Engineer: 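Sharing a structure, written as structure tokens. Questions coming.
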Amino acid sequence: PRWYDDAAALIADKEVNAIYVATPPSSHKKYTIAAAEAGKPVYVEKPMALNYNECQQMIKACQHNNVPLFVAYYRRALPRFLKIKSLLDSGYLGQILAVNVRLFQKPKQKDLKGADHWRVKPEIAGGGYFYDLASHMLDLLQYYLGPIQSASGYQSNSGQLYDAEDNVVASFNFNNKVLGNGIWNFYSSREVDETEILGTKGWLKYSTFKNNPIILQTDGEKELFEIDNPAHIQQPLIQAVVDDLLGKGTSPSTGRTGALTNKVMDQIFNN
């Protein structure tokens with residue numbers, strides 16, 4: 001019923017009982033801590049912050065003020081990605097061995113004309129499109145396979161269209177000894193969006209951003225699963241958050257899980 005041009009005033013409104021921080025990553029920590037100190041639950045956009053250290057400060061502030069913290073990795077609640085989790089948990093692939101991630105995108109027209117937007121400004125976004133898009137992919141993999149124990153990588157700016165990296169390669173290993181590698185290129189001549197999970201009994205392939213069919217290959221038989229996204233893409237996760245706040249369920253995405261993705265990205269950039 002009303003609006004503000006000042007975040008502090010909005011947070012202080014006694015009739016506002018939860019805060020959605022939908023700003024770029026550079027101000028996530030500031031507004032999350034302010035909301036926590038006002039005693040209000042926080043739903044913060046992804047990536048959770050500029051780096052893992054900021055994530056830890058956000059978690060500490062919410063714990064100190066006894067308020068829950070959620071992160072908008074909404075794919076954890078979408079039907080098509082829940083189907084993938086069900087297939088993996090059901091053991092169709094046998095023992096999971098390895099993961100291969102590829103995301104190639106052609107340069108965007110706004111970048112070719114001279115980038116002046118926050119997603120490719122590291123001081124605002126934490127990095128470039130890798131931080132914006134790979135964060136979803138890495139978060140899903142940890143949802144499916146558990147925490148990534150360690151990661152390392154290389155990055156370069158091949159196109160020189162903006163200050164941030166546009167080419168990233170990485171290797172990582174999970175706590176359960178599954179190994180993974182990935183390449184993310186945003187100066188490519190073609191478009192690829194593909195994650196493949198390999199097991200002892202078959203493999204599974206899916207797209208993170210495109211609505212391509214899920215492919216399951218086992219015992220020489222291939223199955224396709226076509227599952228559309230809902231009209232309002234974040235609604236399933238927001239409902240899970242509401243249920244969590246009302247004591248009727250548990251959100252699959254929290255500050256703790258969201259911080260792990262920032263930790264992995266930090267390791268890829270710094271190791």
Side-chain angles (χ1 to χ4, degrees), residues 25 46-56 59 71 73 75-76 81-105 126-156 164-186 188 192-209 214-218 252-271:
K46 43 61 56 187
M48 184 173 161
L50 290 177
N51 52 59
Y52 182 62
N53 181 57
E54 286 194 350
C55 294
Q56 293 299 101
I59 291 171
V71 184
Y73 282 114
R75 283 173 172 79
R76 287 183 175 230
F81 297 105
L82 289 176
K83 178 63 175 179
I84 295 168
K85 181 166 176 56
S86 175
L87 292 170
L88 294 170
D89 290 348
S90 297
Y92 284 101
L93 300 186
Q95 179 186 351
I96 306 300
L97 302 173
V99 174
N100 180 264
V101 183
R102 295 193 302 161
L103 182 66
F104 304 159
Q105 291 187 352
Y129 291 117
F130 174 82
Y131 264 70
D132 188 39
L133 299 176
S135 57
H136 270 299
M137 306 174 88
L138 294 167
D139 176 76
L140 272 176
L141 287 175
Q142 295 191 96
Y143 182 47
Y144 293 150
L145 304 175
I148 291 174
Q149 184 179 77
S150 62
S152 62
Y154 297 93
Q155 62 279 330
S156 65
E165 80 297 330
D166 60 14
N167 191 25
V168 179
V169 296
S171 297
F172 42 93
N173 69 301
F174 296 80
N175 283 349
N176 57 10
K177 307 305 180 184
V178 175
L179 301 179
N181 67 78
I183 178 168
W184 296 264
N185 188 284
F186 304 98
S188 175
V192 176
D193 175 5
E194 187 175 273
T195 297
E196 183 176 13
I197 301 177
L198 176 68
T200 54
K201 295 182 179 179
W203 54 266
L204 183 148
K205 188 181 297 184
Y206 65 89
S207 298
T208 305
F209 305 102
I214 302 161
I215 302 173
L216 175 67
Q217 178 83 42
T218 57
S253 183
T254 64
R256 182 185 60 80
T257 63
L260 291 177
T261 295
N262 270 89
K263 183 178 182 180
V264 173
M265 293 192 297
D266 282 3
Q267 289 178 343
I268 289 172
F269 268 56
N270 297 320
N271 289 343

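Below, all heavy atoms of this structure are taken into account, side chains as well, without hydrogens, waters or symmetry copies. The shown structure was predicted, so the numbers you read here are calculated from the model rather than taken from an experiment.
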Engineer: With rounding to the nearest 0.5 Å, note down the distance linking CG in N167 to CD1 in I183.
Structural biologist: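 Here the interatomic distance stands at 5.5 Å.
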
Engineer: Of the non-hydrogen atoms in S135 and Y131, which two are nearest, and what is the gap between them?
Structural biologist: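 In terms of heavy atoms, the two residues are closest at OG-O, 2.8 Å.
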
Engineer: Is a side-chain N or O of E196 found less than 3.5 angstrom from the main chain of W203, in a donor-acceptor match?
Structural biologist: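 Side chain of E196 to backbone of W203: no pair is present.
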
Engineer: Which pairs would a plain distance check flag for residues 93-102, meaning a side-chain donor or acceptor within less than 3.5 Å of a matching protein atom at least two apart in sequence or in another chain?
Structural biologist:
from	atom 1	to	atom 2	distance (Å)
N100	ND2	N181	OD1	2.7
R102	NH2	E194	OE2	3.0

Engineer: Can we say D139 and R76 salt-bridge, meaning some charged N sits less than 4.0 Å from an Asp/Glu carboxylate O?
Structural biologist: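 So D139 pairs with R76 through a salt bridge.
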
Engineer: Quick check: closest heavy atoms across S207 and D193, and the distance to 0.1 Å?
Structural biologist: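 Residues S207 and D193, closest heavy atoms: OG-O, 2.9 Å.
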
Engineer: How are the rings of Y206 and F81 set to each other: parallel, tilted or perpendicular (split at 30° and 60°)?
Structural biologist: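 The rings of Y206 and F81 stand perpendicular, inter-plane angle above 60°.
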
Engineer: Quick one: closest heavy-atom pair of F172 and A151, and the distance?
Structural biologist: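 Looks like CB-CB, 3.8 Å.
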
Engineer: Is there a side chain to side chain contact (heavy atoms under 4.5 Å, CB included) between I215 and L204? Walk through the geometry before answering.
Structural biologist: CA-CA 6 Å; I215 302 173; L204 183 148; over 6 Å; no

Engineer: Is a side-chain donor or acceptor of S86 paired with a backbone partner of L82 at a separation under 3.5 angstrom?
Structural biologist: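 No, because the side chain of S86 does not come within donor-acceptor range (under 3.5 Å) of the backbone of L82.
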
Engineer: How far apart are the closest heavy atoms of I268 and L138, and which atoms are they?
Structural biologist: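 For I268 versus L138, the nearest heavy atoms are CD1-CD1, 4.3 Å.
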
Engineer: Assess whether side chain to side chain contact (heavy atoms under 4.5 Å, CB included) is satisfied between Y73 and T261, documenting all intermediate values.
Structural biologist: CA-CA 10 Å; Y73 282 114; T261 295; 3.5 Å; yes

Engineer: Under the side-chain hydrogen bond (donor to acceptor under 3.5 Å, both in side chains) rule, what pairs show up with a residue in residues 168-178, not counting sequence neighbours?
Structural biologist: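 Matches after skipping sequence neighbours: Q149-N173, S150-N173.
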
Engineer: List for me each residue that meets ring-ring contact (aromatic ring centres under 6.0 Å, His included) alongside Y92, sequence neighbours excluded, and say none if there are none.
Structural biologist: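 Result, ring-ring contact (aromatic ring centres under 6.0 Å, His included) vs Y92: none returned.
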
Engineer: Tell me whether S188 contacts the main-chain N or O of N185 through its side chain, where contact means a donor paired with an acceptor under 3.5 Å.
Structural biologist: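 No; judged by distance alone, with no hydrogens or angles, the pair does not exist.
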
Engineer: Test side chain to side chain contact (heavy atoms under 4.5 Å, CB included) on M265 and F130; report intermediate values, then the result.
Structural biologist: CA-CA 9 Å; M265 293 192 297; F130 174 82; 3.8 Å; yes

Engineer: When you measure from the side chain of S253 to the backbone of V71, do you find a donor-acceptor pair of N or O atoms at a distance under 3.5 Å?
Structural biologist: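 Checked: pair present.
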
Engineer: Would you say F209 has more than 12 foreign heavy atoms packed within less than 6.0 Å of its CZ?
Structural biologist: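 It does: F209 CZ has more than 12 such atoms within range.
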
Engineer: Go through it in stages, so that I can follow the logic: the residues are T257 and Y143, the test is side chain to side chain contact (heavy atoms under 4.5 Å, CB included), and I'd like the CA-CA distance, side-chain angles, deciding distance and then a yes or no.
Structural biologist: CA-CA 8 Å; T257 63; Y143 182 47; over 6 Å; no

Engineer: With rounding to the nearest 0.5 angstrom, report the CE to CD distance, M48 to Q56.
Structural biologist: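 Nearest 0.5 Å value for the CE-CD distance: 7.5 Å.
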
Engineer: Can you see which heavy atom on K263 is nearest to which on Y52, and at what distance?
Structural biologist: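 For K263 versus Y52, the nearest heavy atoms are CB-CD1, 3.5 Å.
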
Engineer: Test your reading of the model: is there a side-chain donor-acceptor pair from K83 to the backbone of I214, 3.5 Å cut-off?
Structural biologist: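 Such a contact is absent between K83 side chain and I214 backbone.
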
